[in-house]
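Beneath this line is the structure, given in structure tokens, with notes to follow.
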2 protein chains.
Amino acid sequence: MRRRILEWLKDRSNFPPALPGHEDLEGVCVAYIQEKAKLSQSTISNYMGLLKQAGFVKAERHGQWTFYRRDEENIQAFLAAVKDELLKM
Amino acid sequence: MRRRILEWLKDRSNFPPALPGHEDLEGVCVAYIQEKAKLSQSTISNYMGLLKQAGFVKAERHGQWTFYRRDEENIQAFLAAVKDELLKM
DNA sequence: TCCATAAATCGAAATATCTCGATATACAAA
DNA sequence: TTTGTATATCGAGATATTTCGATTTATGGA
């Protein structure tokens, strides 16, 4: 599920339109992700925390919302490392 | 550990010499794998069964020994599938 | 046929992972 | 300051994974 969330975050249009006054932000709020994932709020909040801790997303707090977006640099580094690992296999 | 075993199996010389009379076989017996992995006999037997079920190795019984060797075709197909999956990420 | 050895199977303990509901915290608006 | 909404944290249940020791099965040799 966490991988699917990362994929969804590649395209903002996977989620409802930006909240009024936040059209410029690329991130997506937890509630939108939760709605799409159909898992509980606490689970998604937890997952986004794990993804952040792993370096796959960046969080930006604006008011009561936390907007999450991909951290492309770390994701690409991770992919390179996995590919390297797979080469051995 | 199962991935490490697969890597070991790429090179027969990761294990002791073939048993007398089985020099022509490319596979490796369970006991050799167990010795290298430093896990219990039952664990390794179980793991080799899982690897076989997953299609990553082929088993060949000769006498009391079961010789396991990589199934390159399936491994490469798997790697291609994983790479494909990673591209989405 | 009986025994020894290799491998497979079984049942279980320890640990990790996924997911939840309840509660706490942060913040904005009234 | 009170209230409502968004998110985070906590504790726990269900399930999955890793690994083990004990036992069973298969097989070759004495």
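Residue numbers begin at 1 in each chain, while the letters A, B, ... track the order of the sequences.
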**Asked** Hey, does A:F67 reach any base, or is it just sugar-phosphate, or nothing, if we go heavy atoms under 4.0 Å?
**Response** nothing

**Asked** Do we see a donor-acceptor contact under 3.5 Å between the side chains of B:S42 and B:S45?
**Response** no

**Request:** To the nearest 0.5 Å, tell me how far A:M89 CE sits from B:F78 CZ.
**Result:** 5.0 Å

**Prompt:** Passes side chain to side chain contact (heavy atoms under 4.5 Å, CB included), A:L39 versus A:Y47? Steps please.
**Reply:** CA-CA 10 Å; A:L39 288 175; A:Y47 281 4; 4.1 Å; yes

**Item:** Stretch residues 2-9 of chain B: residues that reach within less than 4.0 Å of DNA chain C through a heavy atom
**Value:** none

**Prompt:** Which salt bridge (charged side-chain N to carboxylate O under 4.0 Å, His left out) pairs, counting each pair once, include a residue from residues 7-36 of chain A, with sequence neighbours left out?
**Reply:** A:E26-A:R69

**Item:** side-chain hydrogen bond (donor to acceptor under 3.5 Å, both in side chains) against A:T66, all qualifying residues, sequence neighbours excluded
**Value:** none

**Contact nearer the 5' end of DNA chain C, comparing A:R61 with A:L50** = A:L50

**Asked** Just the endpoints, please: which first and last nucleotides of DNA chain C, 5' to 3', lie under 4.0 Å from a heavy atom of chain A?
**Response** C:dC18 to C:dA28

**Request:** Hey, could you give me the CE/CG distance between B:M1 and B:L6, rounded to the nearest 0.5 Å?
**Result:** 12.0 Å

**Fill in**
In this structure, CD1 of B:I33 is separated from CE of B:M48 (nearest 0.5 Å) by 4.0 Å

**Request:** Please lay out, stage by stage, how B:V28 and B:F15 fare under the test side chain to side chain contact (heavy atoms under 4.5 Å, CB included).
**Result:** CA-CA 8 Å; B:V28 178; B:F15 301 94; 3.7 Å; yes

**Message:** The test is side chain to side chain contact (heavy atoms under 4.5 Å, CB included); show your working for B:L19 and B:Y32 and say whether it passes.
**Reply:** CA-CA 10 Å; B:L19 298 163; B:Y32 282 180; 3.6 Å; yes

**Message:** If I take atom CG from residue B:L51 and atom CG from residue B:N74, how far apart are they, to the nearest 0.5 angstrom?
**Reply:** 12.0 Å

Dump the pairs, protein N or O against N or O of nucleotides 3-5 of chain D, anything under 3.5 Å, distances to one decimal.
from  : atom 1 : to    : atom 2 : distance (Å)
D:dT5 : O2     : A:Q64 : NE2    : 2.8

**Message:** Quick check for you: to the nearest 0.5 Å, what is the distance between A:N14 atom CG and A:I5 atom CD1?
**Reply:** 12.0 Å

**Message:** Heavy atoms within less than 4.0 Å of DNA chain C: which residues of residues 29-49 of chain A have one? Give them sorted by number.
**Reply:** A:L39, A:S40, A:S42, A:T43, A:N46, A:Y47

**Asked** For the atom pair CG (A:N46) and CZ (A:R2), what is the distance rounded to the nearest 0.5 Å?
**Response** 7.5 Å

**Request:** Apply the test side chain to side chain contact (heavy atoms under 4.5 Å, CB included) to residues B:K58 and B:R70: give CA-CA distance (whole Å), side-chain angles for both, the deciding distance (0.1 Å), then the verdict.
**Result:** CA-CA 6 Å; B:K58 292 175 181 166; B:R70 291 164 57 93; over 6 Å; no

